[in-house]
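One-based numbering along the sequence shown.
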Amino acid sequence: MALRRGPKKFKLVLVKVGEINMQRLGLFLEGRIGETPMDAIMALDILLRHRPSLVYTTIGRCFYTSDSAASIANGAQLWQGFHQSLRPSQGKMLINLDVSATAFFQPGPVVDMAAKVLGRISANDLRSPITDKERVKLEKTLKGLKVVVTHRGHIRRKYRVSRISTTPANRTMFQLGESGAEESVANYFATKYSTTLFFPHLPCLIVGDPSKMVYLPMEVCEVVPGQRHLRKLNERQTAEMIKFTCQPPHVRSNKISAGITILQQRDNEYLKEFGVQIGHEMAIVNARVLPAPAISYHPASKEPVITPREGAWNLRDKMVAQGVSIRSWSVVAFGAEQDYPVGAIQKFITLLVQTCEECGVFIQNRQPPISYSNPHGNIEKTLIDAYMIAGNSFLERPQIIVCILPNTGVPLYAEIKRVSDTVIGIATQCIQAKHMFAAKRQYCANVCLKINVKLGGMNSFLSNAQLPFVSERPTIVFGADVTHPAPGSASNQSIAALVGSMDAQCSRYAAAIRVQKGRQEVIQDLASMAVELLKTFYQTCGAKPERILFYRDGVSEGHFADILRTEVEAIRTACATLEVGYRPTISYVVVQKRHHARFFPIRKEDSDRSGNVLPGTVIESGITHPSEFDFYLCSHPGLQGTSKPTHYHVIQDENRFSADSLQELTYRLCYLYCRATRSVSVCPPAYYAHLVAARARFHATGEGWFESSEFGGGFGSSVVGSVNSSMAGGGSSVSTLPPSSINSGTSGPSAAVPLTSSMSSLSLGSSVPSMVPGAVVKGGMVGIGGGGLSIGGTPGGVIPGGPGGMLGKRPSMMNLASRTGPRGNSASSSIAGVSASNLGRSEFGAESTASGFRVMQYGVVKSELASVMWYM
């Protein structure tokens with residue numbers, strides 16, 4: 001009999017590495033020092049997280065419970081929980097609390113999970129052997145899962161699945177001990193454990209070290225509870241996740257308020273020992289609502305200028321600002337003719353052509369050739385044939401192929417875009433068959449907007465008076481993003497994308513993309529990417545940019561210093577490469593969507609129809625950084641659930657923006673997303689960069705098109721613009737908008753509104769300072785208090801900070817007026833620029849005599865993936 005081993009003994013040595021100076025935290029919150037005391041904030045964060053982490057499943061900064069879990073497709077389930085983090089603000093610390101949800105693998109018998117993954121109702125439907133395709137699908141789901149065995153009584157040993165066998169349990173053979181005799185797994189379990197398998201025709205799990213080949217029948221294993229589903233959710237799972245998490249603002253607000261009690265922070269003995277107190281109510285902070293801009297369409301429209309209400313408008317009685325003329329095109333239906341009759345397709349085409357012409361997009365050939373193709377066949381050959389048919393039919397280079405898809409599946413759509421973007425070089429417009437059969441004029445109008453911008457047109461614009469920073473002097477607006485491979489992906493490459501505006505209306509953008517080492521947030525080749533776009537700007541507009549506004553998406557606060565040091569310097573290097581002494585002023589703004597700040601209006605009249613804050617709501621005090629220039633902007637109308645604001649953090653500002661000017665510019669840009677008649681949640685330069693990076697990821701690695709996105713779900717056919725190879729040349733004529741049609745627009749003053757925020761104050765022995773008059777916002781944060789340290793008070797004015805023009809907190813004119821008395825209209829920002837008109841010879845090319853901007857038709861951009869032409 002083997003001797004039972006005793007408990008293992010460990011020796012721990014505790015070493016004092018330093019002391020936490022809480023006084024520095026107090027000075028930081030008062031705005032008297034600029035360096036963030038991370039040690040003090042981390043200590044408080046550990047203290048706050050200790051009690052909940054003993055009770056709930058902890059993932060990152062979130063705590064989850066299986067109570068009220070909901071099952072979704074493919075053997076997964078959704079758990080509810082709370083996100084909790086500690087945030088510094090002016091004069092106080094705040095707890096950011098928000099509801100959260102994530103997917104876990106459903107615990108229970110592995111055969112039950114196998115049935116759900118393979119689309120069966122229950123395990124009883126697995127009475128026949130599975131196919132090789134089903135086995136591969138099952139292995140992909142089960143690989144890496146922890147399972148526990150059930151056939152050994154009270155001995156419930158855990159294993160990790162490495163793969164599954166290629167043969168069923170009754171034909172999976174292994175050698176028995178020293179005898180070397182071969183035995184099947186099914187017979188072995190019947191002899192050794194008196195366990196007759198009900199599913200001997202199913203493959204076995206290969207667990208532990210793959211080289212040791214340890215086989216376990218599926219039916220003697222159970223999935224260990226509490227394992228997070230790290231793989232990308234499929235389309236059905238994503239839809240169920242959205243339905244599960246979509247909560248009206250008042251419901252979400254109540255759940256956040258209950259979170260403090262659920263996380264047991266009210267009577268927390270650990271907090272009491274450190275003298276820390278937490279407020280139990282959401283913080284009330286100041287907010288204001290910016291006015292919507294006046295949007296201009298073609299002067300021939302019945303309603304050429306419109307001011308949107310609640311962030312949305314429609315195309316009724318409007319023509320696009322610059323409409324293209326389509327002469328050569330074709331239609332491909334991916335399915336059989338009996339599924340998509342020619343008559344139904346022609347009826348849809350007729351309505352589409354009529355709607356396009358009403359909107360100012362002229363289609364000369366109303367009867368394009370129609371072809372059919374197998375959606376599982378050779379997509380590349382299909383699109384090449386459609387391209388040739390259109391060219392031969394109209395004796396002109398084709399401009400666009402309209403594709404009718406049987407469903408919303410990713411693979412077909414992704415392959416169409418890959419072929420059209422990188423093989424043929426032609427724009428494609430995908431349409432779901434269900435919309436074709438039930439075609440409506442509004443749907444056709446939306447398709448028209450997409451087609452127009454893909455072929456080089458302009459849908460709408462804002463007058464120069466509404467974009468003074470961009471229109472007064474040559475200015476380029478950049479947007480940048482880096483996307484990383486999804487969890488479980490075979491790729492280890494990250495994709496960096498940079499887009500830049502190419503006209504004075506910020507309506508057209510050119511793009512540059514790079515593949516770089518995976519999981520690196522800093523854009524490695526930003527200098528050469530910026531050189532490409534600066535050259536394109538010069539060739540298009542006839543002037544060098546004197547000012548640069550850079551919106552950088554996807555950067556966490558921990559990377560701010562690296563980004564400021566490397567990427568801003570890379571832009572400087574790009575400018576110096578083009579011309580010695582060329583030094584435009586740079587403002588660098590980080591755009592953050594992955595945060596948990598939420599805002600709820602206190603008064604009903606300050607909310608939209610969904611109960612969310614109104615579009616244009618700005619929060620710049622109360623929950624923002626103690627000394628740096630940042631603000632929250634909710635620029636989009638709430639459609640469902642609770643609106644998520646975007647956080648803008650300025651880390652470099654040589655253009656010396658005032659709070660008013662940057663907030664208004666950013667908000668107005670949100671009305672220029674080229675293919676929507678509503679304002680979007682993220683300013684378009686950052687939005688476009690995100691979409692370009694996602695599309696390029698598929699081109700470079702062959703991964704699926706739908707990426708997890710902070711912009712809300714998959715992208716479908718709504719991408720930033722079609723990619724045309726340089727072989728495509730021209731092919732579309734653009735009707736020029738006369739200069740007289742660019743009218744000046746005016747907007748009224750911003751309005752003050754009361755709201756609540758998803759944060760509560762964390763007081764360390766101090767009271768929350770009195771509120772400044774103005775709008776009130778309710779949010780989701782909580783505050784802490786402790787012995788002897790006062791955190792009350794307001795920041796001590798402007799804090800000179802980091803290198804090259806970084807400034808401290810900048811209140812808007814409304815907040816200044818509320819503190820110091822009435823003032824006039826918001827003052828325009830003081831801008832110190834560098835003139836490039838008299839510089840000598842440079843890499844830009846020959847000097848242009850153009851005194852203003854020319855309207856951009858297209859931009860040619862080289863990339864590592866292909867030589868492409870991005871139509872925005």
The criterion is side chain to side chain contact (heavy atoms under 4.5 Å, CB included); which residues satisfy it with [X], sequence neighbours excluded?
{"X": "C506", "value": "V470, V477, S501, Y509, L669, L672"}
{"X": "S587", "value": "L549, D653, N655, F657"}
{"X": "E240", "value": "I72, A73, R236"}
{"X": "R309", "value": "none"}

Just verifying a value: how many Å separate [X] [atom1] and [Y] [atom2], rounded to the nearest 0.5 Å?
{"X": "R668", "Y": "C670", "atom1": "CZ", "atom2": "SG", "result": "12.0 Å"}
{"X": "L94", "Y": "I278", "atom1": "CG", "atom2": "CD1", "result": "11.5 Å"}
{"X": "D660", "Y": "L665", "atom1": "CG", "atom2": "CG", "result": "12.5 Å"}
{"X": "F600", "Y": "N254", "atom1": "CZ", "atom2": "CG", "result": "9.0 Å"}
{"X": "Q84", "Y": "H596", "atom1": "CD", "atom2": "NE2", "result": "12.0 Å"}
{"X": "R49", "Y": "C62", "atom1": "CZ", "atom2": "SG", "result": "8.5 Å"}

Report yes if the side chains of [X] and [Y] come closer than 4.5 Å at any heavy-atom pair, otherwise no.
{"X": "I623", "Y": "R87", "value": "no"}
{"X": "H83", "Y": "V99", "value": "no"}
{"X": "E30", "Y": "P626", "value": "no"}
{"X": "V680", "Y": "Y687", "value": "yes"}
{"X": "E620", "Y": "N286", "value": "no"}

Looking only at the side chains, is there a donor atom on one of Q90 and T624 sitting less than 3.5 Å from an acceptor on the other?
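Yes.
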On a heavy-atom basis, which atom in [X] and which in [Y] lie closest, and how many Å separate them?
{"X": "C634", "Y": "S643", "value": "SG-CB, 3.8 Å"}
{"X": "L97", "Y": "I260", "value": "CD2-N, 3.7 Å"}
{"X": "L263", "Y": "P52", "value": "O-CG, 3.5 Å"}
{"X": "S607", "Y": "P601", "value": "CB-CG, 3.5 Å"}
{"X": "P304", "Y": "P299", "value": "CB-CA, 4.1 Å"}
{"X": "G622", "Y": "K92", "value": "O-NZ, 3.5 Å"}

All N/O donor-acceptor pairs, side-chain side in residues 313-321, below 3.5 Å, sequence neighbours left out:
residue : atom : partner : partner atom : Å
W313    : NE1  : Y297    : OH           : 2.7
N314    : OD1  : R316    : N            : 3.1
K318    : NZ   : E303    : OE1          : 3.2
K318    : NZ   : N314    : O            : 2.9
K318    : NZ   : R316    : O            : 2.9

Taking [X] for the side chain and [Y] for the main chain, is one N or O donor matched with an acceptor at less than 3.5 Å?
{"X": "D630", "Y": "H625", "answer": "yes"}
{"X": "S679", "Y": "S635", "answer": "yes"}
{"X": "Q592", "Y": "V555", "answer": "yes"}
{"X": "E628", "Y": "I651", "answer": "no"}
{"X": "N459", "Y": "L449", "answer": "yes"}
{"X": "T617", "Y": "V613", "answer": "no"}
{"X": "S658", "Y": "S661", "answer": "yes"}

Please test F631 against H647 for ring pair (Phe, Tyr, Trp, His ring centres under 6.0 Å), starting from the C-alpha separation and ending with a verdict.
CA-CA 6 Å; F631 58 92; H647 185 220; 8.0 Å; no
Residues in side-chain hydrogen bond (donor to acceptor under 3.5 Å, both in side chains) with [X], at least two apart?
{"X": "E358", "value": "R441"}
{"X": "D67", "value": "T65"}
{"X": "S610", "value": "D608, N612"}
{"X": "S66", "value": "none"}

Kindly determine whether T238 and E235 satisfy side chain to side chain donor-acceptor pair (under 3.5 Å), including the steps that lead there.
CA-CA 5 Å; T238 301; E235 190 175 356; over 6 Å; no
Sequence neighbours excluded and cut-off under 3.5 Å, please list the side-chain donor-acceptor pairs for residues 243-251, or say none.
residue : atom : partner : partner atom : Å
T245    : OG1  : M241    : O            : 2.9
T245    : OG1  : I242    : O            : 3.4

When the aromatic ring centroids of Y673 and H636 are compared, is their separation below 6.0 Å?
no
Would you say the rings of F63 and F82 are close, in the sense that their centroids are separated by under 6.0 Å?
no
Going through the distances and angles, do Y648 and Q663 end up as a side chain to side chain contact (heavy atoms under 4.5 Å, CB included)?
CA-CA 9 Å; Y648 296 90; Q663 291 164 8; over 6 Å; no
Determine, stepwise, if the pair Y56 / I262 fulfils side chain to side chain contact (heavy atoms under 4.5 Å, CB included).
CA-CA 10 Å; Y56 300 104; I262 294 174; 3.5 Å; yes
Who pairs with R252 by salt bridge (charged side-chain N to carboxylate O under 4.0 Å, His left out), at least two apart in sequence or on another chain?
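R252 satisfies salt bridge (charged side-chain N to carboxylate O under 4.0 Å, His left out) with D98 once adjacent residues are dropped.
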Please enumerate all residues that pass salt bridge (charged side-chain N to carboxylate O under 4.0 Å, His left out) together with R51, with sequence neighbours excluded.
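Only E269 meet the salt bridge (charged side-chain N to carboxylate O under 4.0 Å, His left out) criterion with R51.
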Taking the basic N atoms (NZ, or NE/NH1/NH2) and the acidic carboxylate oxygens, is any pair closer than 4.0 Å for D553 and R594?
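No.
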Between I295 and F461, does the side chain to side chain contact (heavy atoms under 4.5 Å, CB included) criterion hold? Intermediate values first, please.
CA-CA 6 Å; I295 300 173; F461 64 96; over 6 Å; no
Could you walk me through whether V591 and R552 pass the side chain to side chain contact (heavy atoms under 4.5 Å, CB included) check?
CA-CA 6 Å; V591 181; R552 177 65 157 90; over 6 Å; no
Angle between ring planes, Y64 versus F104, binned at 30° and 60°: parallel, tilted or perpendicular?
perpendicular
Plane angle bin for H595 and Y632 - parallel if under 30°, tilted between 30 and 60°, otherwise perpendicular
perpendicular
